[in-house]
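Below: the structure, in structure tokens.
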Amino acid sequence: MLKRLSSSTGLLLKDIEFKPGLNLIVGQYSDKKEAVESQSHGTNGIGKSSIVRLVDYLLLSEKASTIFNHKKYNFLRDQEHEICLSLEHRGKTLNIRRRFCESKKVYIRENEQPEYGYDIEEAKKVLAAIFFPKTAERCYPDGSYRNLMNFYIKDDLTNGKRDNPIAYLQHRGATKKLLVLLNLYLFGLPSCHLSELLNIWDKEEKLKNEKNVLTDFLHKITGKPIPQLRSELAVKEKELTAIRHSLDEFKLNESFKKISETIAEIDKQLAGFRRQEHQISNQLEKLRQFTHAAPNEINIEDTRKQYEAVALDLGRIIGKSLEDVLFFRASITQERLNFYGDRIGELSTEHNKLLVEIQSRDTQRAALLKTVDADTDMSLTEAWGRYASEKAQIADIRNRLDSIEKNNNELTAVQFEATTCQMEAQSALQNYSEAIENIRTLFNEIVAAAFDGIRYEADGAYLDIHTIGKQRNNSMPVEIEIDFPHLEALGQTKLATAIYDLTLFFNSIHEDIPLPDFLIHDGVFHGVEIRKKINLLNYIQEQSKQDHFQYIVTFNNDEIQLNDNDRAQGIACQFEMSEHTIISLKDRPEEMLFQFRFK
């Protein structure tokens, strides 16, 4: 549970004391339009979201760090502000402190031990062990601390993009597979087989990429498919053996063989260098033609006619003279010339290096040829060189084909491993049928609470976690499904998101799963009908009488204010909101969180 958010440097309007149960962070605006804008912008209000981001920043959120690194928040660094969060978790007291001018450092004190400074990655490991312990059945990929903590702290900027309750992460790495795994872990369901499955699929992906690289290379140099290459290679190897036997009859000495092989290798290098030199020569020629023509590409007479025609139609509206237009076009041309001039310089340097390499290899080849006995037939030298070159090429192809074969065997083993792991994941989940039934019941209970008085509107809502019978390749063997009536409507999407989060959160509280006992919602209820909001707050408040947890939520005052019409419809708040409001911020600078208005 969070205890206190404080600043020894006077950053905050006041220290924020969190309570068990329901905690309201309320914003009061004198102008309703400004209140609406604060909901949509997220970073221009009076500080409600900033409280959430400060907590998130202290719990090592990259997103919060990015926001506070914006130049708008330079005052945090210029004035050397720091922020501290005190919290308790399963009998352990933690104090987490960060200084905005030390973005890569965090200071943590556990219980009565001395405070210790960590870099961010070290601190993530420390906090992961505290908040998200692994067990034999429940685990997750290493480095997932923030992916898990993101569930418990919902910033309105990121939460606003959430159109699927299960997809509580928005970054690129948050695949559907990873989200299923993390949600299962947070539900207290077995996830280790799925974590292992993701590792296996990563291994499979790497093997497939390696195979594609090898296959593409062989196709590029031979133009032939792998089965054809395998067949032809056997014939080639037999021919080479016959050629070797023929050459052996000439009783060539080892020195001759070595020189012939070296000449063959130099010929191969020369062919490559000359091919590159030819390509670069063509590029240089095209660029030189372009840059030669570019200064003359502006047809002054044609431009003058176009300018006069436009000037005749639009008269004084035109603010540029003909000279301005010509100068502008000339400046664009000059910029292009500068760019291509630099490229010509780079290519010329590369071209000259290739010419030097070609000359060097030609000289080396000529010198080697002189060392060959004058009595030795030149065709014999070439024959041995070709033999040695072909032998090396075939050996290279053979090695690559063998690598592909080895890769295929490894892929088969990995795919079998994945299939086994999928079956084990399904079997493990089936052992938790009672826990899953409890989750379904809890979801239905929260839906019923939200739709109290209008239960018919929730017909068709369900949450289900089940195994998948027939699976496609590399598909998860487990699925989490949620459906809600009129889910396409913004208010219903937000409501479904809130209900899903509360289901997962209260499940961990009821089952005493060692996870965070706080949940922070910022902007989750924007667009949700007042009855459903109040109903859910009543439900949460009622739960706090029997369970130990903390629910922190932000609202603008007008979002939860009941009018006479609401009361006439039977909407009633069953607790005193002021008693649960931990801070009320207003749109006067002296009553804003940072005590000034951003420009």
Side-chain angles (χ1 to χ4, degrees), residues 172-173 175-178 194 196-248 257-258 260-280 282-283 354 357 361 382-424 468 470-477:
R172 289 182 181 179
T175 63
K176 184 178 179 182
K177 294 172 185 175
L178 178 64
L194 295 182
E196 185 183 349
L197 192 55
L198 292 189
N199 290 333
I200 292 170
W201 282 335
D202 284 344
K203 195 192 305 181
E204 182 183 0
E205 188 65 24
K206 287 175 185 174
L207 285 170
K208 284 180 177 178
N209 289 338
E210 287 171 10
K211 179 181 176 179
N212 289 338
V213 169
L214 288 166
T215 304
D216 291 347
F217 177 82
L218 287 176
H219 189 267
K220 185 178 179 181
I221 64 171
T222 67
K224 296 171 183 176
I226 299 302
Q228 185 180 347
L229 265 181
R230 285 199 182 100
S231 177
E232 291 183 2
L233 201 62
V235 176
K236 272 286 186 187
E237 286 171 337
K238 190 173 181 180
E239 288 175 357
L240 273 179
T241 302
I243 292 170
R244 174 62 189 260
H245 288 323
S246 298
L247 288 170
D248 283 346
K257 293 177 183 178
K258 189 171 183 180
S260 299
E261 290 171 7
T262 305
I263 290 171
E265 179 61 29
I266 289 172
D267 286 342
K268 184 179 176 182
Q269 292 174 2
L270 278 168
F273 285 138
R274 288 191 173 114
R275 188 165 53 251
Q276 290 179 57
E277 187 272 335
H278 179 69
Q279 290 172 348
I280 291 175
N282 286 342
Q283 290 180 53
L354 283 170
E357 290 287 353
R361 296 299 189 285
E382 291 173 359
W384 183 268
R386 282 198 302 273
Y387 163 75
S389 178
E390 266 196 64
K391 181 183 177 184
Q393 186 180 7
I394 286 174
D396 181 55
I397 292 173
R398 167 61 66 195
N399 286 336
R400 293 177 191 274
L401 286 173
D402 289 345
S403 295
I404 290 173
E405 188 65 29
K406 180 184 175 186
N407 186 287
N408 284 335
N409 292 335
E410 289 179 3
L411 267 173
T412 301
V414 164
Q415 287 162 352
F416 176 77
E417 195 179 348
T419 301
T420 303
C421 202
Q422 285 174 313
M423 293 169 62
E424 289 172 343
I468 301 172
K470 190 176 180 181
Q471 298 164 50
R472 300 185 301 275
N473 288 339
N474 289 15
S475 64
M476 287 297 252

CD on E424 to CD on E196, rounded to 0.5 Å: 7.0 Å
How far apart are the closest heavy atoms of M476 and I468, and which atoms are they? O-CD1, 3.3 Å
So do the side chains of W201 and L197 get within less than 4.5 Å of each other, counting heavy atoms only? yes
K208: what forms a side-chain hydrogen bond (donor to acceptor under 3.5 Å, both in side chains) with it, not counting sequence neighbours? E204
Value rounded to 0.5 Å, distance of CD in E205 from CG in L411: 10.0 Å
Would you please test E357 and E277 for side-chain contact (heavy atoms from CB on, under 4.5 Å) and show each step? CA-CA 10 Å; E357 290 287 353; E277 187 272 335; over 6 Å; no
Which atoms form the tightest heavy-atom contact between N407 and L207, and what is the distance? ND2-O, 2.9 Å
Would you sort out whether L218 and I404 count as a side-chain contact (heavy atoms from CB on, under 4.5 Å), showing the intermediate values? CA-CA 11 Å; L218 287 176; I404 290 173; 3.8 Å; yes
Quick one: salt bridge (Lys or Arg N to Asp or Glu O under 4.0 Å) partners of K224, sequence neighbours excluded? E232
Counting only heavy atoms not in K177, do more than 12 fall under 6.0 Å of its NZ? yes
Of all heavy-atom pairs between H219 and P225, which one has the smallest distance, and what is that distance? CD2-N, 4.3 Å
